[in-house]
2 protein chains.
Amino acid sequence: MLQGHQSWRFKNNPVILSAATIVGPDEGEGPLVNDFDIVHGDMSLEQKSWEKAEKMLMEEAAKLAVKKAGITKEQVQFYVGGDLMNQIISNSFAARTLSIPYLGVFGACSTSMESLALASLIVDSGSARYAMAGTCSHNCTAEKQFRYPTEYGSQKPPTAQYTVTGAGAAIVAAKGDGPVITRATIGRIVDMGIKDPFNMGAAMAPAAVDTIQAHFRDFGTKPSEYDLIVTGDLATVGYNIANELFDKHGFPINQTTFKDCGLMVYDVDKQSVQSGGSGCGCSAVVTYGHLLKQLAKGEYNKILVVATGALLSPLSFQQGESIPCIAHAVAIENKGASA
Amino acid sequence: MLQGHQSWRFKNNPVILSAATIVGPDEGEGPLVNDFDIVHGDMSLEQKSWEKAEKMLMEEAAKLAVKKAGITKEQVQFYVGGDLMNQIISNSFAARTLSIPYLGVFGACSTSMESLALASLIVDSGSARYAMAGTCSHNCTAEKQFRYPTEYGSQKPPTAQYTVTGAGAAIVAAKGDGPVITRATIGRIVDMGIKDPFNMGAAMAPAAVDTIQAHFRDFGTKPSEYDLIVTGDLATVGYNIANELFDKHGFPINQTTFKDCGLMVYDVDKQSVQSGGSGCGCSAVVTYGHLLKQLAKGEYNKILVVATGALLSPLSFQQGESIPCIAHAVAIENKGASA
């Protein structure tokens with residue numbers, strides 16, 4: 001149900017019954033390697049194109065999430081999914097394979113939480129017993145589509161980000177064991193006029209800050225309520241800008257509980273990932289892989305995941321447009337954490 | 001709430017408080033000209049690019065729908081929108097202008113009813129007082145992106161379809177005067193192996209039939225319950241195939257109450273539109289322009305709009321993939337029609 005202006009409180013507390021994450025070799029060399037279900041050693045997944053490899057990542061994550069939930073794919077009533085590809089083909093083709101009624105969504109890298117928020121709304125409102133949220137990205141498909149094909153060997157500035165090769169899927173259910181989804185805040189578009197597609201973090205940071213502040217305004221609560229507030233893929237540049245904006249606004253966020261998935265998925269100092277990770281897959285594999293395990297261990301009891309997205313297209317960039325950005329937030333907590 | 005396997009029954013009957021449609025010159029020469037709010041005489045809308053013109057169509061439709069609803073855009077809590085452009089830039093950039101919390105969706109031409117179904121779910125579940133559904137397409141942006149730039153002068157086979165230049169937006173509200181949204185059925189992806197992007201109607205027809213049959217299975221009712229069942233953009237080729245499939249399945253649909261927006265928006269015999277209209281804007285302007293007026297006049301009391309989408313990308317086509325298709329259905333009726 002509605003909370004404040006742009007947020008939802010899920011009064012029936014839909015459960016994340018299961019989740020699955022599949023990643024590529026670079027993510028397998030990062031610090032979260034043990035939190036992923038499958039780490040592929042080859043970015044091609046033995047497919048003929050990068051796009052087919054990305055689709056396969058999504059299919060594997062979806063199938064494994066269904067299996068881990070102990071249900072059949074026929075029991076999953078709605079699949080809410082999207083990705084960075086033109087016409088979100090990775091998810092549409094995966095939805096063809098899965099044959100689950102499908103709602104395609106697009107919020108660039110914010111798609112991970114957009115899809116989870118909508119799947120939660122569907123289940124919370126009694127409109128499904130089981131819904132799946134899924135998203136993915138692939139480093140080579142994203143480079144090819146948004147910048148230059150990897151094979152071209154173009155150099156990048158240090159503000160650039162490295163698209164995660166990975167897919168994450170979660171089964172949201174009306175009942176069952178698992179962490180619960182309690183809140184969501186849907187973001188507005190914020191565009192500060194940045195036009196450099198090699199500096200997405202700077203473009204996205206104000207959108208993340210806008211959504212986080214809206215979340216606390218709508219719920220009338222404070223950041224200290226959460227054990228962790230984690231943005232999707234601001235990486236080094238965007239994360240620092242977000243902190244500066246919070247300081248400037250006098251917003252009481254504690255830097256030790258404010259993190260960024262783009263800085264968690266890689267060892268930014270050692271791996272060649274420029275400013276850090278990005279892509280729909282970034283927040284998806286960190287949330288569904290690492291963070292859910294931390295919740296299960298009791299390391300965290302209540303977290304807010306704020307996935308960030310840069311909604312540009314290569315064409316809008318070529319036509320001189322700046323980069324509209326958005327962020328969507330979803331709160332996940334252990335049962336009873338708010339009791 | 002859930003009805004059957006893949007459908008929703010909106011128990012609070014959200015209202016379409018207002019709607020607005022903006023079209024281009026070709027649509028202005030069609031038989032529905034008097035049903036549109038604004039008919040532009042120039043496809044460029046005096047913008048520097050076709051893409052900027054498409055964005056402007058969407059902004060005009062959204063602003064006019066808000067105005068007609070007698071509310072402010074600040075009262076609209078969620079904007080559910082999408083289009084055919086890569087990274088759905090028309091809607092994302094319109095959402096930047098409007099500054100309404102934004103949920104980007106993509107279902108190719110089925111986006112019109114995907115967005116309306118989700119906006120209805122949001123309002124019906126008490127998650128918003130006002131939500132907007134919007135979608136658009138532009139003939140020249142679609143030709144340029146999916147096939148050849150119009151300026152290239154390439155010839156088309158008669159099975160091809162002509163993308164509608166138009167935008168439609170609807171304000172869905174918890175209360176107020178207007179037709180109500182009572183049901184939705186979310187489609188599965190159906191792919192019969194067709195690979196020809198100049199024959200989308202044939203590719204989409206089986207998806208339309210699948211969703212229509214699912215709708216009646218889920219609600220345990222018959223096509224005769226509706227005064228009109230209208231598909232999104234099958235056009236001549238697809239419409240005939242859909243009729244053949246219904247015949248083959250022994251499905252009791254009455255041909256006089258089964259229509260297609262792609263055949264309604266143009267005079268297919270007189271205008272140079274090949275098989276008929278297509279694009280997200282097609283079902284949007286026919287539904288929000290023409291059909292809502294027919295409901296208001298009492299010509300219809302209860303209709304089912306089944307928007308159809310071909311989820312290919314130019315890249316998936318180039319890589320030899322067939323065309324995955326989908327259809328989403330939304331039932332709109334005059335208050336008391338089902339009493």
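Just so we're on the same page: letters track the sequence lines, and every chain starts at 1. The figures that follow rest on heavy atoms only: side chains count, while hydrogens, waters and symmetry mates do not.
In terms of heavy-atom proximity, A/A208 sits nearest to A/V306 at O-CG1, 4.3 Å. Nearest heavy-atom pair, B/A128 versus B/F78, reported as atom, atom and distance to 0.1 Å: CB-CD1, 3.6 Å. Contact detail for A/A53 and A/L45: the closest heavy-atom pair is O-CD2, 3.9 Å. Residues B/P206 and B/M192 approach most closely at CG-CG, 3.4 Å, considering heavy atoms. Scanning both residues, B/C109 and B/L84, for their nearest heavy atoms gives N-CD2, 3.9 Å.
Counting heavy-atom pairs closer than 4.5 Å to chain B, the top residue among A/L121, A/L103, A/V190 is A/L103. Chain A forms more heavy-atom pairs under 4.5 Å with one residue of B/I88, B/L118, B/I186 than with any other, namely B/I186. For the set A/I100, A/V80, A/V105, the count of heavy-atom pairs under 4.5 angstrom toward chain B peaks at A/V105. Contact tally against chain B (heavy-atom pairs below 4.5 Å) for A/G82, A/P314, A/G187, A/G107: the top residue is A/G187.
Among residue pairs with one or both ends in residues 309-319 of chain B, none qualify as salt bridge (charged side-chain N to carboxylate O under 4.0 Å, His left out); sequence neighbours excluded.
Within the 4.5 angstrom heavy-atom criterion, only side-chain atoms of A/F146, from C-beta onward, approach chain B. There is no contact between B/V123 and chain A, counting heavy-atom distances below 4.5 Å. With a 4.5 angstrom heavy-atom cutoff, B/I326 touches chain A only via side-chain atoms. Contacts between B/L98 and chain A at a heavy-atom distance below 4.5 Å are absent for every atom of the residue. Heavy atoms of A/A108 lying under 4.5 Å from chain B are absent altogether. The contact between A/I89 and chain B is made entirely by side chain atoms (from C-beta outward), counting heavy-atom distances below 4.5 Å. Proximity to chain A is limited to the side chain of B/L315, based on heavy atoms less than 4.5 angstrom apart.
Heavy atoms from other residues, nucleotides or ligands lying under 6.0 Å from CE of B/M43 number more than 12. In the displayed structure, A/F317 atom CZ is contacted under 6.0 Å by at most 12 heavy atoms of other residues, nucleotides or ligands.
To the nearest 0.5 angstrom, B/M132 atom CE is 13.0 Å from B/L17 atom CG. Atom CZ in A/F93 sits 14.0 Å away from atom CE in A/M56 (nearest 0.5 Å). To the nearest 0.5 Å, atom CD1 of residue A/I122 and atom CD1 of residue B/I122 are 9.5 Å apart.
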Interchain donor-acceptor contacts below 3.5 Å (chain B, chain A):
residue: B/L2; atom: N; partner: A/G126; partner atom: O; Å: 2.7
residue: B/H5; atom: O; partner: A/Q77; partner atom: NE2; Å: 3.4
residue: B/W8; atom: NE1; partner: A/S127; partner atom: O; Å: 3.0
residue: B/S49; atom: OG; partner: A/Q319; partner atom: OE1; Å: 3.0
residue: B/E51; atom: OE1; partner: A/Q319; partner atom: NE2; Å: 2.8
residue: B/K52; atom: NZ; partner: A/E321; partner atom: OE2; Å: 3.3
residue: B/Q77; atom: NE2; partner: A/H5; partner atom: O; Å: 3.4
residue: B/L84; atom: O; partner: A/Q87; partner atom: NE2; Å: 3.1
residue: B/N86; atom: OD1; partner: A/Q87; partner atom: NE2; Å: 2.9
residue: B/Q87; atom: NE2; partner: A/L84; partner atom: O; Å: 3.0
residue: B/Q87; atom: NE2; partner: A/N86; partner atom: OD1; Å: 3.0
residue: B/R96; atom: NH1; partner: A/D191; partner atom: OD2; Å: 2.4
residue: B/R96; atom: NH1; partner: A/S322; partner atom: OG; Å: 3.3
residue: B/R96; atom: NH2; partner: A/E321; partner atom: OE1; Å: 3.1
residue: B/S99; atom: OG; partner: A/R188; partner atom: NH1; Å: 2.9
residue: B/Y102; atom: N; partner: A/G187; partner atom: O; Å: 2.9
residue: B/G104; atom: N; partner: A/E114; partner atom: OE2; Å: 3.3
residue: B/G104; atom: O; partner: A/F106; partner atom: N; Å: 3.0
residue: B/F106; atom: N; partner: A/G104; partner atom: O; Å: 3.0
residue: B/E114; atom: OE2; partner: A/G104; partner atom: N; Å: 3.3
residue: B/G126; atom: O; partner: A/L2; partner atom: N; Å: 2.8
residue: B/S127; atom: O; partner: A/W8; partner atom: NE1; Å: 3.0
residue: B/G187; atom: O; partner: A/Y102; partner atom: N; Å: 2.9
residue: B/R188; atom: NH1; partner: A/S99; partner atom: OG; Å: 2.8
residue: B/D191; atom: OD2; partner: A/R96; partner atom: NH1; Å: 2.5
residue: B/Q319; atom: OE1; partner: A/S49; partner atom: OG; Å: 3.0
residue: B/Q319; atom: NE2; partner: A/E51; partner atom: OE1; Å: 2.8
residue: B/E321; atom: OE1; partner: A/R96; partner atom: NH2; Å: 3.1
residue: B/E321; atom: OE2; partner: A/K52; partner atom: NZ; Å: 3.2
residue: B/S322; atom: OG; partner: A/R96; partner atom: NH1; Å: 3.3

